[in-house]
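Keep in mind that this is a model prediction, so the values were computed, not measured. Scope of the values below: all heavy atoms of this structure, side chains included, with no hydrogens, waters or symmetry mates. Residue numbering restarts at 1 for every chain, and letters A, B, ... go by the order of the sequence lines.
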2 protein chains.
Amino acid sequence: MRDFSRSLPMSLLRAREAVMRQFRPSLRQHGLTEQQWRILRALAALEGAEVTELARTAFLLGPSLSRILRDLEARNLIERKTAKADQRRSMVSISKDGVKLMASVAPTSEAIYAEITRRFGARKLAELQQMLGELEHTLAGLGSADDTRAEE
Amino acid sequence: MRDFSRSLPMSLLRAREAVMRQFRPSLRQHGLTEQQWRILRALAALEGAEVTELARTAFLLGPSLSRILRDLEARNLIERKTAKADQRRSMVSISKDGVKLMASVAPTSEAIYAEITRRFGARKLAELQQMLGELEHTLAGLGSADDTRAEE
DNA sequence: CGAAGATGCTTAACATGTTAAGTGAATGCG
DNA sequence: CGCATTCACTTAACATGTTAAGCATCTTCG
């Protein structure tokens with residue numbers, strides 16, 4: 001059998017870990033996990049979204065998102081209000097505290113990303129992301145059907 | 001701020017998920033998680049290894065590995081014995097049941113991998129893995145020091 | 001209208017990720 | 001030798017990943 005340490009899943013896992021290792025300490029200093037940070041960023045970009053939409057954007061499964069939103073709301077970093085038209089849906093938005101927190105994290109985060117880009121090379125990085133996108137697209141629809149998470 | 005859905009971490013996450021989505025159902029049918037499968041494969045390749053070495057190979061953190069080994073041992077898929085020379089170390093090896101289980105999973109797993117390779121293109125896949133390896137190497141040593149997990 | 005089904009979200013249960021602390025065994029060194 | 005340090009691994013505690021159930025609300029259609 002193939003040397004599994006050279007398999008595609010392992011390559012992807014190690015590469016992602018190498019990248020995230022750069023960001024985690026900074027996020028941690030601000031009391032945020034990687035996933036919480038994704039949610040805040042998504043909310044800042046979307047300016048309010050339904051939970052399902054947020055799950056798709058932040059690439060989180062419903063149950064994870066449910067828990068995280070509960071915690072972020074308790075920390076006053078986000079706000080929720082149920083939609084009037086459809087009581088099942090709830091609109092989530094980032095709070096003022098949330099915006100403030102983002103502002104305090106963003107500079108370091110941007111700097112790290114810039115350093116990664118510089119080291120790896122902007123062109124190469126673009127190529128890599130191109131290929132990753134193609135891989136994702138190639139496999140879309142191969143596996144199970146219903147995809148609440150990604151799959152736009 | 002950058003559209004975070006196009007950031008490198010998200011690209012890597014989505015790509016990996018697209019790949020793993022192909023394998024999970026088959027593994028699940030055999031009562032294995034992705035991580036348990038990694039450990040079995042690593043053990044089959046190494047023919048017995050110390051826990052730390054196994055963590056490095058299967059790219060798992062110590063605490064995760066500890067729990068998983070406990071469970072795999074309870075299921076009689078692996079065996080452990082403490083080293084004579086150094087009582088702190090324990091040698092882990094795959095059991096006969098473990099080998100049997102691997103044999104029952106491997107064909108499907110190989111078929112899925114072959115299909116992914118076929119769809120994406122073997123050459124492109126090699127290119128992608130090459131770039132992933134470079135990315136990993138580029139970032140090695142940038143972040144925190146001590147790396148018990150990977151970083152050979 | 002009203003019951004059956006679909007939808008949006010949450011809870012539950014178990015497995016792993018992540019960091020810190022704990023434990024026993026080896027090592028280094030005065 | 002003896003004691004502090006290091007080492008290999010495990011436990012603990014909390015956050016997320018993953019699948020299955022649960023629970024309202026909404027929609028569909030007779």
Side-chain angles (χ1 to χ4, degrees), chain A residues 9 13-14 16-17 20-21 23-29 31-39 49-56 58-75 80-92 143-150, chain B residues 9 13-14 16-17 20-21 23-29 31-39 49-56 58-75 80-92 143-150:
Chain A
L13 181 59
R14 281 198 301 250
R16 183 172 146 82
E17 178 54 27
M20 288 316 301
R21 195 195 328 271
F23 291 98
R24 258 190 286 269
S26 158
L27 291 177
R28 185 171 175 70
Q29 280 194 334
L32 287 175
T33 66
E34 171 196 338
Q35 293 81 357
Q36 292 166 352
W37 177 238
R38 288 218 299 274
I39 291 174
E50 295 175 6
V51 173
T52 301
E53 184 185 3
L54 192 53
R56 184 171 54 74
F59 208 69
L60 292 168
L61 291 174
S64 291
L65 184 53
S66 247
R67 282 178 306 212
I68 300 175
L69 289 181
R70 168 168 51 68
D71 298 348
L72 291 180
E73 189 175 20
R75 288 165 66 183
R80 282 204 266 196
K81 53 181 178 184
T82 55
K84 303 146 199 90
D86 189 337
Q87 304 278 21
R88 292 172 306 183
R89 302 164 192 273
S90 87
M91 292 300 276
V92 186
S144 61
D146 78 304
D147 282 303
T148 311
R149 182 154 65 179
Chain B
L13 180 59
R14 279 198 301 251
R16 183 170 145 84
E17 178 54 28
M20 288 316 302
R21 194 196 330 271
F23 290 99
R24 259 190 286 269
S26 158
L27 291 177
R28 184 170 175 69
Q29 280 192 334
L32 286 176
T33 66
E34 173 197 337
Q35 293 82 355
Q36 291 166 352
W37 177 238
R38 288 219 299 273
I39 292 173
E50 296 175 6
V51 173
T52 300
E53 183 184 4
L54 191 53
R56 188 172 49 77
F59 207 68
L60 291 169
L61 291 175
S64 292
L65 184 55
S66 246
R67 281 178 308 213
I68 300 174
L69 289 180
R70 168 168 51 67
D71 299 347
L72 291 180
E73 189 174 22
R75 288 164 67 183
R80 282 204 266 196
K81 54 180 177 186
T82 54
K84 303 145 200 93
D86 188 339
Q87 303 277 21
R88 293 171 304 181
R89 301 164 192 272
S90 88
M91 291 301 275
V92 186
S144 61
D146 76 307
D147 283 303
T148 312
R149 182 153 67 180

J.: Measure all distances between protein nitrogen or oxygen atoms and nitrogen or oxygen atoms of nucleotides 5-7 of chain D, and list the pairs falling under 3.5 Å.
T.:
| unit_1 | atom_1 | unit_2 | atom_2 | d |
| --- | --- | --- | --- | --- |
| dC7(D) | O4' | R88(B) | NH1 | 3.3 |
| dC7(D) | O2 | R88(B) | NH1 | 2.9 |

J.: Any heavy-atom pair between the side chains of L32(B) and R75(B) that's under 4.5 Å?
T.: yes
J.: So how far is it from K81(A) NZ to M91(A) CE, rounded to the nearest 0.5 Å?
T.: 7.0 Å
J.: In whole Å, I'd like the distance from the CD atom of E53(B) to the P atom of dA8(D).
T.: 12 Å
J.: Is a donor on one side and an acceptor on the other found under 3.5 Å between the side chain of R89(A) and the backbone of A83(A)?
T.: no
J.: In whole angstrom, give the distance that lies between atom CG of L60(B) and atom P of dT19(C).
T.: 15 Å
J.: Taking only the side-chain nitrogens and oxygens of R21(B), find out if one of them lies under 4.0 Å from OP1 or OP2 of dT19(D).
T.: no
J.: Measuring from the side chain of T52(A) (C-beta onward, heavy atoms only), which nucleotide among dC26(D), dG8(C), dT19(D) has the closest atom?
T.: dG8(C)
J.: Where the side chain of Q87(A) is concerned, which of dT19(C), dC9(C), dT25(D) is the nearest nucleotide?
T.: dT25(D)
J.: So T33(B), base contact, sugar-phosphate only, or nothing? Heavy-atom distance under 4.0 Å.
T.: sugar-phosphate
J.: Backbone N or O of T33(B) within a donor-acceptor pair of the Q36(B) side chain at under 3.5 Å?
T.: yes
J.: Measure the spacing between CG of L54(B) and OG of S90(B) and express it to the nearest 0.5 Å.
T.: 9.5 Å
J.: Does the side chain of M20(B) reach to within under 4.5 Å of the side chain of P9(A), using non-hydrogen atoms?
T.: yes
J.: Can E50(A) and R80(A) be counted as an ion pair, charged N to O under 4.0 angstrom?
T.: no
J.: Which value, rounded to the nearest 0.5 Å, describes the distance between L69(A) atom CG and I39(A) atom CD1?
T.: 5.0 Å
J.: Nearest whole angstrom, please: distance from the C1' of dT18(D) to the CZ of R28(B).
T.: 8 Å
J.: Could you give the CE-to-P distance, from M20(A) to dT18(C), as a whole number of Å?
T.: 9 Å
J.: Would you say a side-chain N or O of Q36(A) is under 4.0 Å from OP1 or OP2 of dT16(D)?
T.: yes
J.: What nucleotide among dT16(C), dC9(C), dT16(D) has an atom nearest to a side-chain atom of S64(B)?
T.: dT16(C)
J.: Does anything in residues 65-73 of chain A come within less than 4.0 Å of DNA chain C? Heavy atoms only, and list the residues if so.
T.: S66(A), R67(A)
J.: Can you check the L61(A) CG to dA12(C) C1' distance for me, whole Å?
T.: 15 Å
J.: Quickly work out the M91(A) CE to dG8(C) P distance and round it to whole Å.
T.: 14 Å
J.: Could you check E50(A) against K84(B) and say which one's nearest nucleotide on DNA chain C is further toward the 5' end?
T.: E50(A)
J.: Atom CZ in R38(A), atom CG in L13(B): separation rounded to 0.5 Å?
T.: 5.0 Å
J.: Could you state the atom-to-atom distance from CG of L27(B) to C1' of dT19(D) in whole Å?
T.: 15 Å
J.: Using a strict 4.0 Å threshold on nitrogen-to-oxygen distance, state whether E17(B) and R24(B) make a salt bridge.
T.: yes
J.: Base, sugar-phosphate or nothing for A85(B)? Non-hydrogen atoms, less than 4.0 Å.
T.: sugar-phosphate
J.: Could you pick out which residue, G62(B) or D86(A), lies toward the 5' side of DNA chain D when each is mapped onto its nearest nucleotide?
T.: G62(B)
J.: Is any side-chain N or O of Q35(A) closer than 4.0 Å to OP1 or OP2 of dG17(D)?
T.: yes
J.: Take atom NZ of K81(B) and atom C1' of dC9(D), then tell me their distance rounded to the nearest Å.
T.: 18 Å
